[in-house]
Protein chains: 2
Amino acid sequence: MKSILENISKHISLTVEEEQLFFSKIEVQHFKAKTILLNAGEICKYSYFVNSGLLRSFNINDNIVEHVLHFACEGWWIGDMYSLLSQKPGNLFIEVMEDSEIVLLSKENQEQLYFEIPKLERFFRILTENSLVAHQERLMDNLSLSAEDRFDKFCKRYPTLIQRVPQKQIASYIGVTPEFFSKMKSKMLRK
Amino acid sequence: MKSILENISKHISLTVEEEQLFFSKIEVQHFKAKTILLNAGEICKYSYFVNSGLLRSFNINDNIVEHVLHFACEGWWIGDMYSLLSQKPGNLFIEVMEDSEIVLLSKENQEQLYFEIPKLERFFRILTENSLVAHQERLMDNLSLSAEDRFDKFCKRYPTLIQRVPQKQIASYIGVTPEFFSKMKSKMLRK
DNA sequence: ACGAATACTTAATGTAGGTTAAGAAATGTT
DNA sequence: AACATTTCTTAACCTACATTAAGTATTCGT
């Protein structure tokens with residue numbers, strides 16, 4: 001339970017009372033691998049913070065092909081931002097990939113916290129800014145780099161995930177089919 | 001000069017004094033088409049708000065190919081978020097595409113404003129959230145849609161830009177070469 | 001420990017989109 | 001008006017990646 005406070009204290013500092021208030025607004029739950037926390041078509045009610053374990057968000061195209069938007073391991077937040085902000089049904093699934101301990105912060109509680117602890121507005125602003133920068137870079141990478149280069153960047157940026165995530169989901173994240181990914185990987189190893 | 005206050009009042013309400021303070025922190029400048037406001041390799045010092053005209057941000061790959069990250073016309077903000085936040089040299093160019101009236105808000109002034117008018121923290125948080133949602137959708141579109149479908153979405157989302165932006169830059173935005181875009185367009189017209 | 005899923009590999013064939021090149025149309029500048 | 005520059009088109013050929021299919025390895029659930 002220390003982890004989420006550490007995460008917050010990287011950007012703002014809370015008093016003990018504020019920490020208490022924050023804790024009163026969140027809940028911690030344990031989930032088994034393969035649990036679906038959110039289905040496409042549902043309204044996303046929570047931001048999820050990963051204390052331990054691993055989650056992913058993805059959509060499904062034409063009812064067949066999955067595309068991974070995001071992985072989230074220890075210390076990361078995840079959610080369906082579109083649905084969370086608009087409170088409309090989203091396109092994303094959120095799935096638990098390993099048995100996980102998750103902090104849930106509901107949309108209502110998050111907004112209450114903004115009023116009660118305005119500093120948190122800053123905290124989430126900064127998180128969102130960082131996420132935006134990461135998405136912009138990934139977008140530009142998809143426009144300008146080959147699959148091989150995108151995989152290289154993925155390895156450098158998320159070295160721990162490579163062991164933990166099935167290869168076909170890394171393929172999906174970087175935007176190629178599992179078959180092509182397999183071929184590409186063995187070609188890269190031969191070098 | 002009304003435009004930027006309208007933009008802000010969509011999300012928060014400022015008192016007259018706060019509006020005055022805000023105005024004291026910004027400057028308005030006019031630029032001719034083709035002016036480069038920011039070069040790759042430079043540190044981005046401003047957020048730019050477009051009162052009138054049109055800007056774009058893009059990078060250049062291998063010193064040859066441009067990739068458009070963003071267009072910004074009346075009422076939009078633009079900048080190099082990575083460089084602005086980190087204060088390190090970025091990869092983006094920002095170019096004026098039409099004679100424009102631009103509001104400049106420096107990084108320092110923006111941070112001062114966060115302290116003096118905490119509500120602005122909320123305003124920029126909301127802007128950033130919306131931008132993040134848009135980028136996530138564009139990323140997923142690039143992973144899962146054909147060039148034709150991406151162009152359709154572009155037309156629906158930014159109908160006014162189609163008349164104003166050279167076709168090769170729309171091609172760049174959706175992630176294809178100008179030659180392929182031309183071929184694709186004439187094929188779509190034939191239907 | 002066993003069978004059933006799930007994940008990975010390999011290979012043949014297909015295609016969306018890239019590259020190169022050259023000319024035509026539009027636009028900008030004096 | 002005239003020239004230069006930029007933008008757009010067309011067409012032949014090329015390649016990165018997708019699809020289909022079949023077989024093998026690994027993991028999971030009981």
Side-chain angles (χ1 to χ4, degrees), chain A residues 31-36 53-54 56 58 60-68 71 95-99 141-154 161-191, chain B residues 32-36 53-54 56 58 60-68 71 93 95-99 141-154 161-191:
Chain A
F31 297 99
K32 289 249 147 224
K34 302 200 176 171
T35 310
I36 299 287
L54 181 60
R56 67 191 257 252
F58 61 99
I60 297 185
N61 205 240
D62 303 321
N63 292 313
I64 301 176
V65 189
E66 291 183 8
H67 293 277
V68 173
F71 298 109
E95 185 198 40
V96 179
M97 295 176 70
E98 297 172 359
D99 295 358
D141 287 350
N142 280 330
L143 292 180
S144 57
L145 300 182
S146 67
E148 218 161 305
D149 289 344
R150 277 177 272 143
F151 179 48
D152 276 337
K153 283 193 95 169
F154 183 89
L161 284 185
I162 299 162
Q163 339 298 333
R164 289 167 75 178
V165 175
Q167 173 175 310
K168 67 175 196 169
Q169 291 186 20
I170 296 174
S172 166
Y173 182 94
I174 70 170
V176 295
T177 58
E179 293 84 358
F180 180 77
F181 188 88
S182 174
K183 187 164 67 173
M184 180 179 84
K185 201 187 67 171
S186 72
K187 182 182 151 208
M188 287 168 88
L189 282 173
R190 262 180 270 122
K191 287 178 189 169
Chain B
K32 289 247 148 225
K34 303 198 177 168
T35 310
I36 300 287
L54 180 60
R56 66 191 258 251
F58 62 99
I60 296 186
N61 205 239
D62 302 322
N63 293 313
I64 301 179
V65 188
E66 293 183 6
H67 293 278
V68 173
F71 298 110
F93 296 79
E95 185 198 40
V96 179
M97 295 176 70
E98 298 172 359
D99 295 358
D141 287 349
N142 280 329
L143 292 179
S144 58
L145 300 183
S146 67
E148 218 162 306
D149 290 344
R150 278 177 271 141
F151 179 48
D152 276 337
K153 283 193 95 166
F154 183 89
L161 283 185
I162 299 163
Q163 338 298 333
R164 290 167 75 178
V165 175
Q167 174 176 309
K168 68 176 197 170
Q169 291 186 20
I170 296 175
S172 167
Y173 182 95
I174 70 171
V176 295
T177 58
E179 296 84 357
F180 180 76
F181 188 88
S182 175
K183 186 165 68 174
M184 180 179 85
K185 202 186 66 169
S186 72
K187 182 181 151 207
M188 287 169 87
L189 282 173
R190 262 180 270 123
K191 285 176 190 168

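Values in this document were obtained by computation on a predicted structure and should not be read as measured data. Just so it is clear: chains get the letters A, B, ... in the order the sequence lines come, proteins before strands, and each one is counted from 1.
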Fill in: Difference in axis direction between the ends of the helix from C:dG3-D:dC28 to C:dT30-D:dA1, five pairs, 10°
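Roughly 60°, once rounded to the nearest ten degrees.
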Worksheet entry | Heavy-atom check, side chain of A:K153 versus side chain of A:R150, under 4.5 Å |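 A:K153 vs A:R150: side chains apart.
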Discussion item. Measuring only between side-chain heavy atoms, which start at C-beta, is B:F71 closer than 4.5 Å to B:R164?
Written reply: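 Sidechains of B:R164 and B:F71: no contact.
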Length of the line joining [X]:[atom1] and [N]:[atom2], which is rounded to integer Å:
{"X": "A:K168", "N": "C:dC8", "atom1": "NZ", "atom2": "C1'", "answer": "10 Å"}
{"X": "A:I170", "N": "C:dT9", "atom1": "CD1", "atom2": "P", "answer": "11 Å"}
{"X": "A:L189", "N": "C:dT10", "atom1": "CG", "atom2": "C1'", "answer": "15 Å"}
{"X": "A:M97", "N": "C:dT6", "atom1": "CE", "atom2": "P", "answer": "14 Å"}
{"X": "A:L143", "N": "D:dC17", "atom1": "CG", "atom2": "P", "answer": "14 Å"}
{"X": "B:I162", "N": "D:dC8", "atom1": "CD1", "atom2": "P", "answer": "13 Å"}
{"X": "A:D149", "N": "D:dA16", "atom1": "CG", "atom2": "P", "answer": "12 Å"}
{"X": "A:N142", "N": "D:dA16", "atom1": "CG", "atom2": "C1'", "answer": "15 Å"}

Discussion item. Run B:L54 and B:L161 through side-chain contact (heavy atoms from CB on, under 4.5 Å) and show every step you take.
Written reply: CA-CA 9 Å; B:L54 180 60; B:L161 283 185; 3.8 Å; yes
Worksheet item: Under the side-chain contact (heavy atoms from CB on, under 4.5 Å) test, which residues partner A:T177, sequence neighbours left out?
Response: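 A:T177 satisfies side-chain contact (heavy atoms from CB on, under 4.5 Å) with A:E179, A:F180 once adjacent residues are dropped.
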When the side chains of residues 165-176 of chain A are checked against the rest of the protein, which donor-acceptor pairs come out under 3.5 Å, sequence neighbours left out?
from   : atom 1 : to     : atom 2 : distance (Å)
A:Q167 : OE1    : A:K185 : NZ     : 2.8
A:Q169 : OE1    : A:R56  : NE     : 3.0
A:S172 : OG     : A:E66  : O      : 3.2
A:S172 : OG     : A:V68  : N      : 2.8

Discussion item. If I compare all heavy atoms of A:E148 with all of A:K187, which pair ends up nearest, and what's the gap?
Written reply: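 The answer is OE1-NZ, 3.5 Å.
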Item to complete: Just jot down the salt bridge (charged side-chain N to carboxylate O under 4.0 Å, His left out) partners of A:D152, sequence neighbours excluded, or say none.
Response: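 For A:D152, no residue satisfies salt bridge (charged side-chain N to carboxylate O under 4.0 Å, His left out) once neighbours in sequence are set aside.
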Discussion item. Please enumerate all residues that pass salt bridge (charged side-chain N to carboxylate O under 4.0 Å, His left out) together with B:K183, with sequence neighbours excluded.
Written reply: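 So B:K183 forms no salt bridge (charged side-chain N to carboxylate O under 4.0 Å, His left out) with any residue.
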Practice prompt. Please confirm whether the backbone N or O of A:A33 pairs with a side-chain atom of A:D99, one donor and one acceptor, at under 3.5 Å?
Written response: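 Flag set: sc A:D99 to bb A:A33 pair under 3.5 Å.
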Discussion item. Please encode protein proximity along nucleotides 14-30 of chain C as a string of B, S and -, counting only heavy-atom distances under 4.0 Å.
Written reply: ---BBBBB---------
